[in-house]
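For reference, the structure discussed in these notes is given below.
In what follows, every chain begins at residue 1, and chains take the letters A, B, ... in the order their sequences are listed. Every value quoted in this text rests on a predicted model; they were computed, and no experiment measured them.
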Number of protein chains: 2
Amino acid sequence: MTTEIRTRRRADALTKERIVEAAIAILDQDGEDALTFRALAARLATGSGALYWHVADKQELLAAATDQIIAAVLTEAVSRPRPQDAIRALALGVFDAIDAHPWVGGQLSRDPWQYAVLRILEGIGGQIQALGVPEHAQFNAATALMSFILGLAGQYASRPRACEDGMDRVAILESVAAKWAQLDPVEHPFVRQVATMLAGHDDREQFLAGIDLILAGIETGIARSGDANA
Amino acid sequence: MTTEIRTRRRADALTKERIVEAAIAILDQDGEDALTFRALAARLATGSGALYWHVADKQELLAAATDQIIAAVLTEAVSRPRPQDAIRALALGVFDAIDAHPWVGGQLSRDPWQYAVLRILEGIGGQIQALGVPEHAQFNAATALMSFILGLAGQYASRPRACEDGMDRVAILESVAAKWAQLDPVEHPFVRQVATMLAGHDDREQFLAGIDLILAGIETGIARSGDANA
DNA sequence: ACCTGAACACCGTTCAAGT
DNA sequence: ACCTGAACACCGTTCAAGT
């Protein structure tokens with residue numbers, strides 16, 4: 001009873017959780033650049049210096065915010081019977097999280113040693129093991145998937161930066177496609193060809209296609225090692 | 001003759017090329033954070049405002065610096081007889097460039113629409129076509145490789161940030177491995193297992209292994225489409 | 001122990017003023 | 001046309017001072 005009273009805080013007391021929650025709200029509403037210790041302090045009705053009592057610096061704040069989003073993704077990714085499907089679900093979960101919170105993409109690709117990345121790596125690794133990848137190849141397989149996901153994370157994070165005005169995704173893709181179509185045909189034949197497909201393509205499907213490509217590569221590796229053992 | 005005189009500039013005149021060259025020198029010597037318009041102006045013995053006559057803003061400056069490094073990589077990547085080898089050489093060229101200039105990694109992963117990225121995509125795409133990938137699958141194959149490369153680019157870019165002190169790569173990997181080894185065995189079995197391999201692993205080899213994994217996936221896709229046509 | 005908010009040491013960018 | 005450099009509008013972070 002006494003301890004309960006001792007540990008009880010005022011309802012409006014500052015907590016790391018409350019700070020992270022407010023940071024996420026600012027990031028989601030107004031984007032990555034809007035997250036400022038001053039803006040955060042104003043939202044929490046406190047001084048900017050007070051935040052440093054609960055959070056070491058801005059990097060820790062962003063890492064904590066990112067971890068909260070990613071942790072929710074990984075607990076949601078229910079275990080599927082086939083490891084391939086589990087990996088697809090996990091990757092799509094991360095994709096959708098980045099789509100909903102573009103700043104998560106930027107943060108994930110910026111700091112690969114943060115806890116959120118480790119969480120994803122663990123999730124992938126478990127499924128890689130379940131897939132029957134030989135132990136010596138598990139590290140490479142998991143990090144390959146990880147790098148692919150982080151690469152796309154960086155891609156989608158820059159989306160909002162590209163559309164300074166109120167351009168939507170389709171308008172952005174169209175303007176990029178138009179720019180690519182005007183490139184020199186001799187120097188950039190491939191990009192010009194790709195430009196024609198850019199407008200009608202689905203980011204999510206393309207992401208999944210990449211995952212499947214890597215999974216196919218991993219499976220042929222398993223098959224080959226099986227041949228060698230046979 | 002007259003035009004020659006008219007177009008001739010003073011030897012110390014500011015040029016975009018001179019500015020980019022100085023920016024690369026600062027980035028290489030002192031890292032990404034050291035590149036400041038003030039530092040750049042001081043090195044070029046001019047005012048900070050003068051730079052804006054030749055360069056729109058910092059983003060354009062970084063994109064131009066990155067493009068210079070990447071352009072050199074792509075012209076060096078000689079055409080190999082086998083497209084797979086060409087892709088490996090191209091990817092390793094980018095890897096080595098990022099290794100030599102960590103800021104290039106950060107810039108590449110930050111802005112996927114910059115010209116340097118387009119250059120890489122074109123290089124990959126040409127080899128994807130040479131590989132015989134059916135046209136409808138070329139886009140996915142090329143962007144999958146691209147995302148993987150950009151993902152690793154972001155990874156290595158953060159290297160110098162992680163070593164605030166004079167830690168070398170081995171020391172960093174050892175400290176990360178030590179941290180991972182202390183994680184909860186129940187929650188993070190895979191990362192703990194991977195930690196034991198972390199110290200003795202070769203980044204370059206792991207990168208190449210990832211490329212080969214995706215190439216294997218692409219080749220099985222080709223084989224399957226061949227079956228369908230037969 | 002926790003909070004305040006002014007102060008410090010920076011940024012990128014602009015712009016009147018010069019040549 | 002090109003350059004100067006002070007000024008503007010910010011940052012993250014610190015820290016003496018409060019409760």
Side-chain angles (χ1 to χ4, degrees), chain A residues 2-23 26-27 30-66 103 106-107 110-111 114 158 161 164, chain B residues 2-23 26-27 30-66 103 106-107 110-111 114 158 161 164:
Chain A
T2 51
T3 54
E4 198 178 72
I5 288 171
R6 273 201 212 116
T7 54
R8 187 186 296 160
R9 298 156 180 275
R10 281 165 53 216
D12 60 338
L14 231 41
T15 327
K16 184 168 177 181
E17 292 89 65
R18 277 194 68 219
I19 294 172
V20 170
E21 184 189 358
I26 291 175
L27 289 163
D30 302 318
E32 205 157 356
D33 292 340
L35 181 64
T36 288
F37 274 84
R38 274 165 249 257
L40 197 53
R43 178 181 261 264
L44 291 165
T46 182
S48 60
L51 304 171
Y52 284 90
W53 187 265
H54 301 94
V55 168
D57 51 23
K58 194 173 183 178
Q59 195 178 327
E60 190 195 295
L61 178 63
L62 278 166
T66 303
W103 53 272
Q107 178 59 21
R110 213 168 295 129
D111 181 7
Q114 68 187 308
S158 65
R161 224 169 303 166
E164 292 144 24
Chain B
T2 51
T3 54
E4 197 178 72
I5 288 172
R6 272 202 214 115
T7 55
R8 187 185 296 159
R9 297 156 181 277
R10 282 167 51 216
D12 60 339
L14 271 182
T15 326
K16 184 168 177 180
E17 292 88 66
R18 277 192 69 219
I19 294 173
V20 170
E21 184 189 359
I26 292 175
L27 289 163
D30 303 317
E32 206 158 355
D33 292 341
L35 181 64
T36 288
F37 274 84
R38 273 165 250 258
L40 197 52
R43 178 181 262 263
L44 292 165
T46 183
S48 61
L51 303 171
Y52 284 89
W53 188 265
H54 301 94
V55 169
D57 51 24
K58 194 171 183 180
Q59 195 179 325
E60 189 194 297
L61 179 63
L62 278 166
T66 303
W103 52 272
Q107 179 58 22
R110 215 169 293 131
D111 181 8
Q114 68 186 308
S158 66
R161 223 170 303 165
E164 293 144 25

So what does Leu35(B) hit on the nucleic acid, given a heavy-atom distance under 4.0 Å: a base, only sugar-phosphate, or nothing?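 Result for Leu35(B) = sugar-phosphate.
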
Which nucleotide, [options], lies nearest any side-chain atom of [X]?
| X | options | answer |
| --- | --- | --- |
| Ala13(A) | dC3(C), dT13(C), dC3(D) | dC3(C) |
| Tyr52(A) | dC3(D), dG12(D), dC3(C) | dG12(D) |
| Trp53(B) | dC3(C), dG12(D), dA1(D) | dA1(D) |

To the nearest Å, give me how far apart [atom1] ([X]) and [atom2] ([N]) are.
| X | N | atom1 | atom2 | value |
| --- | --- | --- | --- | --- |
| Leu14(A) | dC3(C) | CG | P | 5 Å |
| Leu51(B) | dT14(C) | CG | C1' | 13 Å |
| Leu61(A) | dT13(D) | CG | P | 10 Å |
| Arg38(A) | dT13(D) | CZ | P | 11 Å |
| Asp57(A) | dC11(D) | CG | C1' | 14 Å |
| Lys58(A) | dT13(D) | NZ | C1' | 12 Å |
| Glu60(B) | dG12(C) | CD | P | 15 Å |
| Lys16(B) | dC2(D) | NZ | C1' | 17 Å |

Would you say dC3(C) has OP1 or OP2 under 4.0 Å from some side-chain N or O of His54(A)?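 Yes, within the criterion.
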
N or O in side chain of Ser48(A) less than 4.0 angstrom from dG5(C) OP1/OP2: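 For dG5(C), OP1/OP2 do not have a side-chain N/O of Ser48(A) under 4.0 Å.
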
Any carboxylate oxygen within less than 4.0 angstrom of a Lys/Arg side-chain nitrogen, looking at Arg110(A) and Glu32(B)? no

Is the backbone N or O of [Y] less than 3.5 Å from a side-chain atom of [X], with the two atoms forming a donor-acceptor pair by type?
| X | Y | answer |
| --- | --- | --- |
| Arg38(B) | Ser48(B) | no |
| Gln107(A) | Ala65(A) | no |
| His54(A) | Leu14(A) | yes |

Please give the nucleotide sitting opposite dC15(D) as a Watson-Crick or G-U wobble pair, both distances under 3.5 Å, or none. dG5(C)

Residue pair Asp111(B) / Thr66(B), side-chain heavy-atom distance below 4.5 Å: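 Result no, sub-4.5 Å side-chain heavy-atom pair not found.
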
